[in-house]
Amino acid sequence: MDFKLTEEQEALKKEYIEFFEVEMKDAPPEFRINPSEALYSSDECWEFHRSMQKKLAAKGWLTMAWPEEYGGRGAPLIDQLLFSEVHATYRAPGIDGFGIKMFAPTLMQFANEEQKKRILPPIARGEVSYCQGWSEPDAGSDLAALKTRAEYRGGHYVVNGQKIWTTGAHRADHMFLLARTDPDQKRSGGLSVFNIENMKAPGIEVRPIKYMNGSHFYNEVYFTDLIVPEEDRIGEENAGWKSTRATMNFERSGIGGFISVRERLKELIEYTRTTKRDGGFLIENPLIRQKLAKLHIDVELGRALAYKVAWEQEKGNLAVSATLASQSKVFGSELTQRMANFSTEFMGLHGQLEASPWAPLNGIMIDAYQRCMGGNIAAGTSEIQRNIIAWAGLGLPRFN
Amino acid sequence: MDFKLTEEQEALKKEYIEFFEVEMKDAPPEFRINPSEALYSSDECWEFHRSMQKKLAAKGWLTMAWPEEYGGRGAPLIDQLLFSEVHATYRAPGIDGFGIKMFAPTLMQFANEEQKKRILPPIARGEVSYCQGWSEPDAGSDLAALKTRAEYRGGHYVVNGQKIWTTGAHRADHMFLLARTDPDQKRSGGLSVFNIENMKAPGIEVRPIKYMNGSHFYNEVYFTDLIVPEEDRIGEENAGWKSTRATMNFERSGIGGFISVRERLKELIEYTRTTKRDGGFLIENPLIRQKLAKLHIDVELGRALAYKVAWEQEKGNLAVSATLASQSKVFGSELTQRMANFSTEFMGLHGQLEASPWAPLNGIMIDAYQRCMGGNIAAGTSEIQRNIIAWAGLGLPRFN
Amino acid sequence: MDLSFTSEQDMLRDSAARFLANECPFEKVKELEESAEGYSADLWQQVADLGWLGMAFPEAYGGFGGSFMDLVVIQEEIGKALFPSPFFSTVVECGSIILEGGSEKQKVELLGAIAEGSLIVSLAQYEEEGSYLESGIAMKAAPLDDGYTLSGTKYFARDANIAHKLIVAAVVEGKGPTLFLVDAQASRVTATKMPTIAMDNTCVVELADLRVSKEDIIGPLGGAWPILEKTQARAAIAQAAEMLGGCKVCIAMTTGYAKEREQYGRVIGGNQVIQHYLVNMLLAHDTANSYLYQVASMVDDGEDFSAAASALKAATNENYKFVSERAVQIHGGIGTSREHDIALFYRRAKSYESRCGSTDLHYEKVMEGLLQEA
Amino acid sequence: MDLSFTSEQDMLRDSAARFLANECPFEKVKELEESAEGYSADLWQQVADLGWLGMAFPEAYGGFGGSFMDLVVIQEEIGKALFPSPFFSTVVECGSIILEGGSEKQKVELLGAIAEGSLIVSLAQYEEEGSYLESGIAMKAAPLDDGYTLSGTKYFARDANIAHKLIVAAVVEGKGPTLFLVDAQASRVTATKMPTIAMDNTCVVELADLRVSKEDIIGPLGGAWPILEKTQARAAIAQAAEMLGGCKVCIAMTTGYAKEREQYGRVIGGNQVIQHYLVNMLLAHDTANSYLYQVASMVDDGEDFSAAASALKAATNENYKFVSERAVQIHGGIGTSREHDIALFYRRAKSYESRCGSTDLHYEKVMEGLLQEA
């Protein structure tokens, strides 16, 4: 075992740090609160994200772990992890996870040559932005129950139906869509994957869903007789479930989440060192000290686990890494929740304050207290993740 | 709402206190550690228990809530609760719960007149001791899967099979047995209840099971061609499940558990007030203070719930009180576990010590750390209790 | 011993529940949350007419002479409906303070006006640091010939933006913290809403050389703390009642949802993990709720309830957060949306935990109580 | 970066696992727990012959020059098998102390003897109060012409009942705590087993005017604390490895049981709640285990590992208790019996949490580390 970085890795890491140190100086302040969602919240943030995306592409960092033939440089996942750590440390935007981490690997594995040549390069160049057309009102945890219909009409499909919880649909250029192409096949049979070329096309209506705190990143997407050319179906007709399951398992080390908690924890500690209450600094309170220590430990544990995820994936132990990735997801989202709950608690009366001149850390923690619920639910609820770990990881039987 | 005691209740309570104050002075010290199991552990403890049983009967306290026709005085359950509180405060033995709280109410409801006249009076007089013949190696949580066979042979039954986790079988005079009388009926059909008149009869073999810490209260009971007269079958043949389910629901307020924790907590607080480490008393440690406060609060909450259980039962809301009793059981056993874990933790190196001159509080807490697991499992595991609450209390559907 | 409510209390509860269900459904709650006033003057008058505002004041002061348990019943129903109103600030907090510390004249005038619905009062106790302690009151009351002048900023004053009067805690040199009744709508008083997770009327209040006459002092000079300590303990119980009402609805809504929402061909409430979540939520509610009535009885029976109030509030803080959090989790995506109602409880739970003292402070008070006993 | 074990380490693990499975099954563990000696001299010699005892000592001192990671591998396997032996006291604790603080002569003589299996050593640090701190060492070393005499009582000395030597921490006036190597079998030394939940060789040691020569001092006069602090941090990591080995077996045994035990016509492992319990156990193990290797690497890489060792031990204390507790719960009644093996882990978990510092102490050390960084 060797946890040390190579000289090349140390040099790369330094380069990342120098880059973000400069580039994030002028970032809109919303990114300090929640970078992965801030990008969708205002035109200014979105512009900043898009310009960062192009810069990262130019540096070759956007797709470093992609095979060279698709515009990557075949870097080991551990290098990718290092990049993700630094990226998360600076709470930087610029990564379109839907395109780069989910759809692109699916394309590499399941698309035909024409599609790869057409769809992958703009993703690699950071020119486009994707959203994910999966969940439906009656198909959340149980994705295979989805009903959105794509009917083949010779040369093209006609799509009708509704998606929900579509993060960033109001900003995205494209969507990868999972729809039912054979209505006679139930559940996971009869589904196909499509590349939706233009989210502004007639036949698509995007309606905002406000999150509990009023912010807008989720959407409903309605399809009414949307025409999708046959050449935008990815993979075999009715074989979409297989590639979708593969999509679920790409790059899910979760390192970004742990780094995010680590950085917030640093700010929290600074807050407790500089905030006085009842004659002492908060950091002098043993109850607060111990809880901060516990959070720090969990960050370290989670980070070690994330490294293991990447390592197992790198070694080709995909079943192992998929289970570990579910563990990382659960551990990370629940850790974020513990941090948000605890910190807003010890802030006392101030803990309830949203971003404002009076709010500690400009309300990052009360924001997290609300956003963390999304984290526990989106991309597979904590319950679904635990089911998966039990079935796939521990080999426990699945009953219905 | 009125939580005040009546003058009569205050007087009764005073009488209980005066009684136990005197009677418990000479109790064997094991009762201070775990009264409900100490009685089975040594001849001396058993003798003390038996003599206490008779004294309580003489006072009329053993069966105060029984109907007068069976030797009780029809006292309200709240009075019974007050007695249980004082009894638990002094960690006194003398209550044969199997006979008084479980079998006797079953008899009152399901036995014939002859049986009531024959079996109930010795229980009321505190002369006998029962054990409960329910669990089997393959029928624990799933009691209805039991296999012990009672075959009718004209005028009597012949019993063969094995019971397990039979608390006190090595001390008891009698057993109430649940056995399969119709082998063609599966599960809860085909079961009958029997009064086993003599635990020393040929055809019964009792083998000890040592608990994880080596102590002996559980047993295996083997039946080999045991003859049981027909007149000792309680209720209809093959209708034993109904009375067994009723037995499960008698007097389960759980007040004793909460009082037990409260008393231990008092001792713990005294320990932290008088024990120095690293220049200060343990009670000065804010981490310890807060955890003690939490335990105290949970005791208060649990006690309030136990009162509600008794109140609802008294009002005849049996379905409500049964669900609440399951809640009380789960809350109480898990509270005991928290107390045991936390206290043995803050005792530091001393926390691991079993009863000995060096052990804090003579090892009560490390004993509890082990016994609490039995508490979470016996008489329906915490999981089964939660299932019952979900199904019966919340009306959630039961799937298999 | 009698653990049942009186029939009057049952009626009070039913009528409150019916009123709030009809007049303040969750749609209305969200509308009020988003409004600048944060309450409905119309509904306020209606609850005055229903007798809620004077329920627990003595008849001599224009009230109905109800018990503290009656107030608890109303608070539970308010908590179930999430009714946005100045009930807590005006009736529970300031009403108690006036009753506890006010002069006969103040009681007659102020409590009567509160009961009628014509007077909203806000407690301005906290300062920048957010301390709950007596020592946290640092604002000076500078003596003047026939009174004092108050200058400075108070924080976390609930409903100050809509209040007619404020009760301001300020220090009289040589005497200590003192309570002053001031006109909230005076030109030298500015109340600004702070954005809280509960989207309620929590305010920063600026006082600029505000004159107060001696007659507008509540209680003795330097006597603020005993009054505040006692009334805040009462308020903590009433707040816990409101929170436990919220828990109850979370459990009911979530159980209902779990029985209807299908995934994988069956209702999600058939999943054992969901069942056990709901059972743990029920346990959290039922234990604390049983204790609530016990503690409320202590108030009515004149027993010392301060440590018990802390025990109740600490437990309820934890339990409401737990229950509302699991409620959102079981609802899944829809539970996180503003459109749905369940997250309203989740947001309130976090805000309410800081009211009437932090959880840690309450634990410490419980411990102090235990050590006094021992 | 390379997160794989070397093939040598894989072999070491396999051979250790095989040896312990064959020679020390759980039946044997229980037999040893109940014996006065609490270990098997025969097995001890065998593990010496297998090279375990000298694994991590330099070759110059009769060892094999292995890494700390090698020791971690052995400790994990010991933890899986619950192997009762003086490995921790003699090799992990005292071996490290001698290596860290001993003279050349001491290293050659003592480490060689330990590696051969002929020397069992016990650390006698703690006193009546059970303090983990330097200030907890109060026993006086009274100066004598060519040495010191030691009198008093030490507590929680592991394996003192079977040890040949003790390392006693005692205060030299004007210098501070100092480590003395004494003959454990001298007539003036009495070791008595204390009954612990782990049923191990935890002892009270009485020293009655025991003479120690100056040559038997380990490290500088007054130099005990830096040595103890560093070696206890290493020991904490090794202890965590042992505990995580235990977690792993708890999970495997319980998963196996859940797949076989039927109730209600199907295996209990089909119940979602049991599944999630097991998943949470797995999470507890896998997170801490990943971190274990990272921290062990810090030792081998010469980095400052003290705060990380505390972080690891604190997390592992909680996780082993949690995992072993759930393991017993899932086993149900049978899990609570002495006959079954799973409660062996439950009992060890509680005992081990107090080793090398309490959980609270480790949290505090983590916090101190963080504040130094900040």
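Chain letters run A, B, ... following the sequence lines, proteins first, then strands; residues in each count from 1.
- At a 4.5 Å heavy-atom cutoff, the contact between Glu318(C) and chain A is made by side-chain atoms alone.
- Note that the CD atom of Glu354(A) and the CD1 atom of Ile197(C) stand 6.0 Å from one another [nearest 0.5 Å].
- Between Asp142(A) and Gln263(C), the closest heavy-atom pair is N-OE1, 2.7 Å.
- Contacts with chain A were tallied for Lys321(C), His340(C), Glu339(C), Glu128(C); Lys321(C) has the most, counting heavy-atom pairs under 4.5 Å.
- When Gly136(C), Gly333(C), Ser135(C) are compared by the number of non-hydrogen pairs under 4.5 Å with chain A, Gly333(C) comes out ahead.
- Asn376(A) is listed as a side-chain neighbour of Glu325(C), based on a closest heavy-atom distance under 4.5 Å.
- For a residue to count as touching a neighbouring chain, one of its non-hydrogen atoms must lie under 4.5 Å from one of that chain's; by this rule Ala355(A) touches chain C with the backbone only.
- For Asp367(A), no part lies under 4.5 angstrom from a heavy atom of chain C.
- Within a 6.0 Å radius of CZ in Arg171(A), more than 12 heavy atoms belonging to other residues, nucleotides or ligands are found.
- Of residues 206-222 of chain A, those residues with a non-hydrogen atom less than 4.5 Å from any non-hydrogen atom of chain C are, in numerical order, Ile209(A), Lys210(A), Tyr211(A), Met212(A), Tyr218(A).
- Considering CD of Glu129(C) and CG of Asp278(A), their distance stands at 6.0 Å, rounded to 0.5 Å.
- Across Asn341(A), Asn387(A), Thr381(A), the residue that shares the most heavy-atom pairs under 4.5 angstrom with chain C is Asn341(A).
- Here Arg277(A) contributes atom CZ and Ser358(C) contributes atom OG; the two are 7.5 Å apart, rounded to the nearest 0.5 Å.
- Heavy-atom minimum distance, Ser354(C) versus Leu349(A): O-CD2, 3.4 Å.
- At a 4.5 Å heavy-atom cutoff, the contact between Tyr346(C) and chain A is made by backbone and side-chain atoms alike.
- Across Ser141(A) and Tyr264(C), no two heavy atoms sit closer than the pair O-OH, 2.8 Å.
- Taking the six-membered ring for Trp and thresholds of 30 and 60 degrees, Tyr155(C) and His350(A) have ring planes inclined between 30 and 60 degrees apart.
- Heavy-atom minimum distance, Lys350(C) versus Thr344(A): NZ-OG1, 2.8 Å.
- If you measure heavy-atom distances from Pro357(A) to chain C, you find no contacts under 4.5 Å at all.
- For chain C, the nearby parts of Ser382(A) are the backbone and the side chain; heavy atoms of each come within less than 4.5 Å.
- Contact annotation: the side chain of Asp360(C) never approaches that of Phe346(A) to less than 4.5 Å [non-hydrogen atoms, C-beta and beyond].
- Comparing Val204(C), Thr202(C), Leu344(C) by heavy-atom pairs within less than 4.5 Å of chain A, the highest count is held by Val204(C).
- Of the listed residues Ile342(C), Ile334(C), Val273(C), the one with more heavy-atom pairs under 4.5 angstrom with chain A than any other is Ile334(C).
- Here Ser351(C) contributes atom OG and Ile366(A) contributes atom CD1; the two are 8.0 Å apart, rounded to the nearest 0.5 Å.
- When side chains are defined from C-beta on, Glu353(C) does not count as touching Gln352(A), because their heavy atoms never get closer than 4.5 Å.
- For the pair Asp138(A) and Glu262(C), the minimum side-chain heavy-atom distance is 4.5 Å or more.
- Looking only at side-chain heavy atoms (C-beta outward), Leu287(A) and Tyr363(C) stay at 4.5 Å or farther from each other.
- Heavy atoms of Gln337(A) lying under 4.5 Å from chain C belong exclusively to its side chain.
- Considering CZ of Arg371(A) and OG1 of Thr336(C), their distance stands at 10.5 Å, rounded to 0.5 Å.
- Nearest heavy atom pair, residue Tyr277(C) against residue Glu383(A), reads OH-OE2, 2.6 Å.
- For Leu282(A), no part lies near chain C; criterion is any non-hydrogen pair under 4.5 Å.
- The environment of Lys242(A) atom NZ is sparse: at most 12 non-hydrogen atoms of other residues, nucleotides or ligands sit within 6.0 angstrom.
- With chain C as partner, the option from Ala145(A), Ser356(A), Gly140(A) having the largest number of non-hydrogen pairs under 4.5 angstrom is Gly140(A).
- Contact annotation for Ala139(A): only backbone heavy atoms (N, CA, C, O) come within less than 4.5 Å of a heavy atom of chain C.
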